[in-house]
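One structure is given here, and the rest of the page talks about it.
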Amino acid sequence: RFDAGIRLGQRVERDMVAVRVSGDIALVAVASPAYLERHGTPVKPQDLRDHNCIRFRFPGGGIMPWRFEKKGKRLEVAVDGSLITSDPRLGVCVAADDGGVFYTAQLYAAELLAQGKLISVLADWAPPSDAFYLYYPSRRQNPAALQVLIEFLKANVRENGGRSERRTR
């Protein structure tokens, strides 16, 4: 009963259209230097099973998966830890206060990474960047307000200098 939704990645169901609504979003695993000194630095994603991992809960209730990729090999690691948060800023703060490893969008950790209060781990396993997309049914008659939003996004959100839209059938 919704006219549209927003999701990370442009994979959508059949008969849907996806319009890019953000720039690239890189995901990183981060921890404080002191935490890594005490517990060791993970070398491969599976090493995270031996760490206190701060997990993120999406508004819908699901837990964000920890996905990695290296040389075309994709891997998802089931992690455990003492904290699950729905606030990425809290997760970053806990990681910076030596609380564990946090997997998040780089934009949330950028300032503390630049200050050296956080260190990116498993950078060679970083998954490819993605973006948020507005998705909606490819039906011919969209509500007028949705059509205005779609046209605004197409005109103002750019990907590599051009508009990004994908239809599926």
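All residue numbers refer to positions in the sequence shown, counting from 1. Worth saying up front: this structure is predicted, and the values here are computed from it rather than measured.
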> Is any side-chain N of the basic residue among Asp80 and Arg49 closer than 4.0 Å to the acidic one's carboxylate O?
Replying inline: no

> Cluster question for you: counting only ILVMFWY and a side-chain heavy-atom cut-off of under 4.5 Å, with indirect links fine, are Phe58 and Ile25 together?
Replying inline: no

>> Quick check: do Asp3 and Asn142 have side-chain heavy atoms less than 4.5 Å from each other?
In response: no

> Just wondering, more than 12 heavy atoms not from Phe152 lying within 6.0 Å of its CZ?
Replying inline: no

> Going only through I, L, V, M, F, W and Y residues with side-chain contacts under 4.5 Å, is there a path from Ile6 to Leu153?
Replying inline: yes

> Are Asp130 and Asp24 side-chain neighbours, meaning at least one heavy-atom pair lies under 4.5 Å?
Replying inline: no

> With ring centroids as reference points, do Tyr103 and Phe68 lie under 6.0 angstrom apart?
Replying inline: yes

> Name the one of Asp47, Val43, Leu36, Val30 that satisfies side chain to side chain contact (heavy atoms under 4.5 Å, CB included) with Val121?
Replying inline: Leu36

> For the side chain of Asn52 and the backbone of Ser82, is there at least one donor-acceptor N/O pair under 3.5 Å apart?
Replying inline: yes

>> Could you report the tightest heavy-atom contact between Cys53 and Leu48, atom names first, then the distance?
In response: SG-O, 3.5 Å

>> Among Lys73, Glu69, Arg74, exactly one meets side chain to side chain contact (heavy atoms under 4.5 Å, CB included) together with Trp125. Which residue is that?
In response: Lys73

>> Pair Glu76, Trp66 - check side-chain contact (heavy atoms from CB on, under 4.5 Å), show working.
In response: CA-CA 6 Å; Glu76 185 171 314; Trp66 290 44; 5.8 Å; no

>> Would you say Leu75 ends up clustered with Met64 if hydrophobic residues are merged whenever their side chains have heavy atoms under 4.5 Å apart, either directly or through other cluster members?
In response: yes

> How far apart are the C-alpha atoms of Tyr133 and Val21, what are their side-chain angles, what is the distance that settles it, and do they pass the side-chain contact (heavy atoms from CB on, under 4.5 Å) test?
Replying inline: CA-CA 5 Å; Tyr133 288 80; Val21 296; 5.6 Å; no

> Does a sphere of radius 6.0 Å around CD in Glu151 hold more than 12 heavy atoms from other residues, nucleotides or ligands, not counting ones at 6.0 Å or beyond?
Replying inline: yes

>> Whether the side chain of Asp87 engages the backbone of Arg89 through a donor-acceptor N/O pair (distance < 3.5 Å, no angle test) should be reported.
In response: yes

> Leu107 and Phe102: same hydrophobic cluster, using ILVMFWY side-chain contacts below 4.5 Å?
Replying inline: yes

> Any donor-acceptor pair under 3.5 Å linking the side chain of Ser32 with the backbone of Tyr35?
Replying inline: yes

> Transitively linked via ILVMFWY side-chain contacts under 4.5 Å: Val77 with Ile63?
Replying inline: no

> Distance from Leu90 atom CG to Leu83 atom CG, nearest 0.5 Å?
Replying inline: 6.0 Å

>> A quick test of your reading: do over 12 heavy atoms of other residues, nucleotides or ligands sit less than 6.0 Å from OH of Tyr108?
In response: no

>> So which atom in Gly23 and which in Ala131 form the shortest heavy-atom distance, rounded to 0.1 Å?
In response: O-CB, 3.6 Å

> Going through the checks in order, is the side-chain contact (heavy atoms from CB on, under 4.5 Å) test met by Leu122 and Lys70?
Replying inline: CA-CA 10 Å; Leu122 300 168; Lys70 184 176 185 178; over 6 Å; no

> Would the number of heavy atoms belonging to other residues, nucleotides or ligands and lying under 6.0 Å from CD of Glu37 be above 12?
Replying inline: no

> Which heavy-atom pair separates Ser120 from Leu113 by the least distance, and what is that distance?
Replying inline: N-CD2, 3.6 Å

>> If I compare all heavy atoms of Ala31 with all of Val101, which pair ends up nearest, and what's the gap?
In response: CB-CG2, 4.0 Å

>> Under a 3.5 Å distance rule, please check whether Ser22 uses its side chain to pair with a backbone N or O of Phe132 as donor and acceptor.
In response: yes

> Are Asp15 and Ser138 linked by a side-chain donor-acceptor pair shorter than 3.5 Å?
Replying inline: no

